[in-house]
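Computed from a predicted model, the values in this text were never measured in an experiment.
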Amino acid sequence: MANERLRAALLERGVSIADLADAIRVDPKTVERWITKGREPYRKHRYAVASYLGTDETYLWPEALTREQVASASESEVVRVYPHRWAVPRDAWGRLFAEASEEIGVLVYSGLFLADDAGMVRMLGEKAGSGVRVRILLGDPDCAEVAQRGEDEGIDGGMAAKIRNVLVLYRPLRGRENVEIRLHRTVLYNSIYRADDQFLVNTHVYGTPAGNAPVFHLRRVQGGDMVNTYLDSFERVWAGAVPVGS
């Protein structure tokens, strides 16, 4: 069967078969067979094609990687594990967002610790001013899911109050170009902080405040699937969230 994903990736990027063949140093007929006959390239060529087209090897050839290879690559995506969010050095958050050149994403209920840092809010604004897309997802303070999370953490209505506080703290960002803030009504199992291909994932533990729960520092690796799982989750929540007025 033809590899329509590879064909589409070439068309989307305006890359011809000859261009790709020249870039990865193979015969154009070889690339054509990969597309029209669905032939599977050697792994070094799969990696080279995915890198050149700026996409995932697992997307172009989903059946090519064995479970062992995916597990190994995904393990390599783990940069560091922190036992608690409070154990993450402050400059680690700063470095995460400072290194972003394309996309910053925040998915939380409140994330008050972040919004309460004036330097961090200023950095988000500066990043947006330089062309980085900044997307922030906060829990809807009036929804049942936020009320339940407040109850789970033992702060009851305090969770909704924190979100309303965060909305005030983010006023310098609201209405700015490249900044979007939305409210979601989702049960969150993790808070997600994204900067391009790097993620800090703060797990949620029943009865424990997020600040006391573990954090995983992840970086996307070709062939891995862990980062993609969190990215897909972020996008699903984003799609169903409601924009905050400026």
Min side-chain heavy-atom separation [X]-[Y] under 4.5 Å:
{"X": "R174", "Y": "V179", "result": "no"}
{"X": "R13", "Y": "T55", "result": "yes"}
{"X": "L114", "Y": "V106", "result": "yes"}
{"X": "L218", "Y": "V79", "result": "no"}
{"X": "H184", "Y": "L138", "result": "no"}
{"X": "N228", "Y": "Y59", "result": "no"}
{"X": "N202", "Y": "N190", "result": "no"}
{"X": "N178", "Y": "V134", "result": "no"}

Quiz item: Applying ring-ring contact (aromatic ring centres under 6.0 Å, His included), which residue pairs with at least one partner in residues 111-146 are found, sequence neighbours left out?
Solution: W93-F113, F113-Y193
Quick check on [X]: does its [atom1] atom have over 12 non-hydrogen neighbours (other residues, nucleotides or ligands) under 6.0 Å away?
{"X": "R90", "atom1": "CZ", "answer": "no"}
{"X": "E177", "atom1": "CD", "answer": "no"}
{"X": "R182", "atom1": "CZ", "answer": "yes"}

[X] with [Y], same ILVMFWY side-chain cluster at under 4.5 Å:
{"X": "Y47", "Y": "L20", "result": "no"}
{"X": "I155", "Y": "V205", "result": "no"}
{"X": "W86", "Y": "V215", "result": "no"}

Closest approach of [X] and [Y], non-hydrogen atoms and distance?
{"X": "S191", "Y": "H204", "value": "OG-NE2, 2.8 Å"}
{"X": "I163", "Y": "S110", "value": "CG1-CB, 3.7 Å"}
{"X": "P141", "Y": "L183", "value": "CD-CD1, 4.3 Å"}
{"X": "A2", "Y": "R7", "value": "CB-NH2, 3.8 Å"}
{"X": "A92", "Y": "Y82", "value": "CB-OH, 4.5 Å"}
{"X": "E145", "Y": "Y109", "value": "O-OH, 4.1 Å"}

Using a strict threshold of under 4.0 Å (side-chain N to carboxylate O), is an ion pair present between [Y] and [X]?
{"X": "R149", "Y": "E153", "value": "yes"}
{"X": "E57", "Y": "R46", "value": "yes"}
{"X": "R135", "Y": "E235", "value": "yes"}
{"X": "R164", "Y": "D142", "value": "yes"}
{"X": "D56", "Y": "R220", "value": "yes"}
{"X": "R122", "Y": "D117", "value": "no"}
{"X": "K29", "Y": "E32", "value": "no"}

Which distance, rounded to the nearest 0.5 Å, do you find between the [atom1] of [X] and the [atom2] of [Y]?
{"X": "L173", "Y": "K127", "atom1": "CG", "atom2": "NZ", "value": "14.0 Å"}
{"X": "Y230", "Y": "L200", "atom1": "OH", "atom2": "CG", "value": "12.0 Å"}
{"X": "D27", "Y": "I17", "atom1": "CG", "atom2": "CD1", "value": "11.0 Å"}
{"X": "T208", "Y": "R85", "atom1": "OG1", "atom2": "CZ", "value": "12.5 Å"}
{"X": "R236", "Y": "L107", "atom1": "CZ", "atom2": "CG", "value": "11.0 Å"}
{"X": "R5", "Y": "L60", "atom1": "CZ", "atom2": "CG", "value": "8.5 Å"}

Practice problem: Enumerate the residue pairs fulfilling salt bridge (charged side-chain N to carboxylate O under 4.0 Å, His left out) with a member in residues 200-209, sequence neighbours excluded, ordered by first and then second residue. | Solution: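 Those involving residues 200-209 do not exist here.
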Quiz item: Does the side chain of W34 come under 3.5 Å of the side chain of N3 through a donor N or O and an acceptor N or O?
Solution: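 There is no such pair (donor and acceptor under 3.5 Å, judged by atom type) between the side chains of W34 and N3.
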Exercise. Report the C-alpha separation of R133 and E180 in whole Å, then their side-chain angles, then the decisive distance to 0.1 Å, and conclude whether the salt bridge (Lys or Arg N to Asp or Glu O under 4.0 Å) test is met.
Key: CA-CA 8 Å; R133 185 186 187 192; E180 301 170 84; 3.0 Å; yes
Within the side chain of [X], is there an N or O that forms a donor-acceptor pair under 3.5 Å with the backbone of [Y]?
{"X": "T186", "Y": "V237", "value": "no"}
{"X": "N165", "Y": "K162", "value": "no"}
{"X": "R80", "Y": "H217", "value": "no"}
{"X": "S51", "Y": "A48", "value": "no"}
{"X": "D196", "Y": "I104", "value": "no"}
{"X": "K37", "Y": "M1", "value": "no"}
{"X": "H45", "Y": "I24", "value": "no"}

Quiz item: Passes side chain to side chain contact (heavy atoms under 4.5 Å, CB included), L231 versus F199? Steps please.
Solution: CA-CA 9 Å; L231 180 56; F199 286 64; 4.1 Å; yes
Quiz prompt | Test side-chain hydrogen bond (donor to acceptor under 3.5 Å, both in side chains) applied to W238 - qualifying residues, sequence neighbours left out | solution = none
Practice problem: Evaluate the side chain to side chain contact (heavy atoms under 4.5 Å, CB included) criterion for residues I181 and L137: first the C-alpha distance (whole Å), next the side-chain angles of each, then the deciding distance (0.1 Å), finally the verdict. | Solution: CA-CA 6 Å; I181 301 177; L137 279 160; over 6 Å; no
Exercise. Just do the side chain to side chain contact (heavy atoms under 4.5 Å, CB included) check on F97 and M120 with the steps written out, would you?
Key: CA-CA 9 Å; F97 296 127; M120 199 70 71; 3.8 Å; yes
Practice problem: Might you work through the side chain to side chain contact (heavy atoms under 4.5 Å, CB included) test for L53 and L6, ending with a clear yes or no? | Solution: CA-CA 9 Å; L53 295 178; L6 178 55; 3.9 Å; yes
